[in-house]
Protein chains: 2
Amino acid sequence: MDGARSRERILDAAEELLSERGYAGTGIAAISEASGLPASSIYWHFESKEDLTAAAVERTTERWLEALEASEPGPEASSDEVVEWISQSLEEMGRQLPFFMRLSLLLGLEVGHREPALMERLRRGRERTRGVIRGTLERVLGLEGTKVDAPLADEIARLSMAFSEGASVARLFEPEGIDLARFVEDLATGMRAITAARQAEVSS
Amino acid sequence: MDGARSRERILDAAEELLSERGYAGTGIAAISEASGLPASSIYWHFESKEDLTAAAVERTTERWLEALEASEPGPEASSDEVVEWISQSLEEMGRQLPFFMRLSLLLGLEVGHREPALMERLRRGRERTRGVIRGTLERVLGLEGTKVDAPLADEIARLSMAFSEGASVARLFEPEGIDLARFVEDLATGMRAITAARQAEVSS
DNA sequence: ACGGACCTGGAACGATCGCTCCAGGGTGAC
DNA sequence: GTCACCCTGGAGCGATCGTTCCAGGTCCGT
């Protein structure tokens with residue numbers, strides 16, 4: 001009866017199952033059971049499994065970026081506040097790991113090379129995430145009295161993302177392996193050192 | 001006729017397909033076609049798809065660790081040589097990404113939580129990798145005149161792995177996104193800074 | 001030459017895959 | 001009341017899934 005609500009329920013189920021079992025491992029029957037709606041309803045709302053997957057990725061990405069941007073520190077934020085922000089983002093990432101990160105990683109690895117459109121979607125999500133991080137870094141590193149040009153800010157943002165994502169993967173295999181608070185400190189220390197080294201290199 | 005050779009061909013095909021399409025995405029028929037052997041031969045050599053997967057993971061992990069240990073710098077290596085070693089290991093990792101890293105990530109994400117035995121196998125491979133890195137770090141950081149205790153070396157090894165793995169994931173989405181040589185420099189810079197900061201913290 | 005161990009070829013099993021079809025219930029406009 | 005539209009229920013399509021069975025080929029020791 002309520003089509004919009006049904007669509008959301010299907011997306012909820014798809015998001016959860018896809019991020020847990022991957023594309024090939026998630027059957028329409030499983031999504032049907034998890035959402036409580038028959039397969040025909042799924043195919044009324046979505047063209048195909050591929051289409052449903054794309055919609056789930058889209059929604060998950062949008063939610064993740066919303067949460068990320070909402071927590072973004074203001075333009076007057078201190079360096080410590082940014083460290084705090086990164087920490088919170090990572091926790092948010094940790095909470096959304098079954099949805100955003102697992103979905104990106106799993107689908108990117110599994111079907112990325114076979115479905116360029118899906119891969120492009122995932123890539124854009126990553127780019128936008130990097131954009132948010134870069135923007136904050138530029139403002140904050142600028143506030144500290146050092147001049148950071150755009151390419152360097154982009155590189156540091158890339159490295160920060162890689163570092164964080166690697167930590168999330170490590171936590172997947174060993175949930176107790178990485179202390180998140182310590183990790184964020186180390187991330188800040190490392191990125192500051194790399195920024196300093198790169199700037200010294202340019203000016204010499 | 002030559003059973004041992006057939007077994008290897010099946011493992012080759014399984015390794016390639018599993019690391020590319022994941023567990024659920026790889027059918028016995030596909031492995032049969034890629035190896036040139038009928039399904040019955042696969043089931044003569046292996047009990048089940050699960051058993052074959054475990055064997056493929058085992059062999060890939062062993063090969064990766066062999067390559068890693070073979071390239072390990074000697075006990076007299078300088079800091080620069082270690083950086084060089086890490087760089088080569090990453091390139092090796094890059095070359096073996098479709099086999100070792102993709103396999104670990106994909107299977108860990110996809111079926112890890114459903115198959116604890118497989119997950120344990122993957123975890124052990126990661127632990128041994130970390131052990132090799134930690135051993136080298138201990139020796140090298142020791143040579144630099146600083147005293148590094150075991151827990152710190154372990155933490156730095158964890159962070160190095162996370163950083164490297166994150167970079168590999170980033171390269172999956174954007175192959176041109178990360179300059180490997182620059183990345184290794186940044187890795188060294190960052191880890192040195194983190195080590196120094198952690199040591200200062202302890203001695204204060 | 002012969003028995004036996006090792007391995008392959010191909011057919012076939014029930015279950016599940018993504019997907020389609022269509023009858024019919026629910027709801028709002030008129 | 002009834003018509004049109006939106007959505008659901010369930011049966012069922014051909015294809016593929018993991019797996020099994022077994023006849024028969026190849027190779028070795030004797």
Side-chain angles (χ1 to χ4, degrees), chain A residues 1-59 103 106-107 110-118, chain B residues 1-59 103 106-107 110-112 114-115 117-118:
Chain A
M1 3 201 290
D2 189 348
R5 197 169 216 67
S6 290
R7 201 189 134 94
E8 290 301 303
R9 287 209 290 160
I10 293 167
L11 280 174
D12 287 341
E15 182 179 54
E16 179 169 337
L17 292 171
L18 285 171
S19 65
E20 201 173 325
R21 311 182 192 173
Y23 183 81
T26 302
I28 296 294
I31 297 174
S32 163
E33 195 186 355
S35 65
L37 292 162
S40 56
S41 292
I42 296 176
Y43 281 94
W44 191 90
H45 287 285
F46 303 95
E47 280 189 11
S48 61
K49 185 183 173 183
E50 212 177 305
D51 181 45
L52 167 57
T53 304
V57 167
E58 189 72 24
R59 203 190 62 165
L103 206 63
L106 212 30
L107 296 184
E110 193 185 350
V111 290
H113 54 106
R114 292 239 163 179
E115 316 226 3
L118 175 61
Chain B
M1 3 200 291
D2 190 348
R5 198 169 216 70
S6 291
R7 200 189 135 93
E8 290 300 304
R9 287 209 291 160
I10 293 167
L11 281 174
D12 288 341
E15 183 179 54
E16 180 170 335
L17 291 172
L18 284 171
S19 66
E20 201 172 326
R21 312 181 193 174
Y23 183 81
T26 301
I28 297 294
I31 297 175
S32 163
E33 194 186 356
S35 65
L37 292 162
S40 54
S41 292
I42 296 176
Y43 279 92
W44 191 89
H45 288 285
F46 304 94
E47 279 189 12
S48 62
K49 184 184 175 184
E50 209 177 307
D51 181 44
L52 167 57
T53 304
V57 168
E58 188 71 24
R59 203 190 62 166
L103 207 63
L106 211 29
L107 296 185
E110 192 186 351
V111 290
R114 292 238 163 181
E115 316 226 1
L118 175 60

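Just so we're clear, the structure is a prediction, and the values are computed from it rather than from any experiment.
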TODO: Using side chain to side chain donor-acceptor pair (under 3.5 Å) as the criterion, list what pairs up with B/Glu58, not counting sequence neighbours.
DONE: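 Result, side chain to side chain donor-acceptor pair (under 3.5 Å) vs B/Glu58: B/Arg121.
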Residues in side chain to side chain contact (heavy atoms under 4.5 Å, CB included) with [X], at least two apart?
X: A/Ser40; answer: A/Pro38
X: B/Ala13; answer: B/Ile31, B/Ala34, B/Ser35
X: A/Arg9; answer: A/Leu37
X: B/Ala29; answer: none

Could you check how far [atom1] of [X] sits from [atom2] of [N], rounded to whole Å?
X: B/Glu33; N: D/dT16; atom1: CD; atom2: P; value: 11 Å
X: B/Ile42; N: C/dC6; atom1: CD1; atom2: C1'; value: 17 Å
X: B/Trp44; N: C/dA5; atom1: CH2; atom2: P; value: 12 Å
X: B/His45; N: C/dC7; atom1: NE2; atom2: P; value: 6 Å

- [ ] List in chain and number order the residues that pass salt bridge (Lys or Arg N to Asp or Glu O under 4.0 Å) with B/Glu33, two or more places apart in sequence or in another chain; answer none if no residue qualifies.
- [x]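 Salt bridge (Lys or Arg N to Asp or Glu O under 4.0 Å) list for B/Glu33, sorted by chain: empty.
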Task: Sequence-distant partners of A/Asp12, salt bridge (Lys or Arg N to Asp or Glu O under 4.0 Å), two or more places apart - done: A/Arg59
TODO: Please state whether the phosphate of C/dT8, meaning OP1 or OP2, lies under 4.0 angstrom from any side-chain nitrogen or oxygen of B/Ser41.
DONE: yes
TODO: Any chance you could list the contact pattern along nucleotides 10-24 of chain C? Use B for base contacts, S for sugar-phosphate-only contacts and - for none, protein heavy atoms under 4.0 Å, 5' to 3'.
DONE: B------SSBBB---
Task: DNA chain D base-pair string [pairs: Watson-Crick or G-U under 3.5 Å; |: paired with another strand] - done: |||||||||||||||||||||||||||.||
Open item on the list: Which residue in the set A/Leu107, A/Leu118, A/Leu106 passes side-chain contact (heavy atoms from CB on, under 4.5 Å) when paired with A/Tyr23?
Closed with: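 Per the side-chain contact (heavy atoms from CB on, under 4.5 Å) rule, the option paired with A/Tyr23 is A/Leu107, out of A/Leu107, A/Leu118, A/Leu106.
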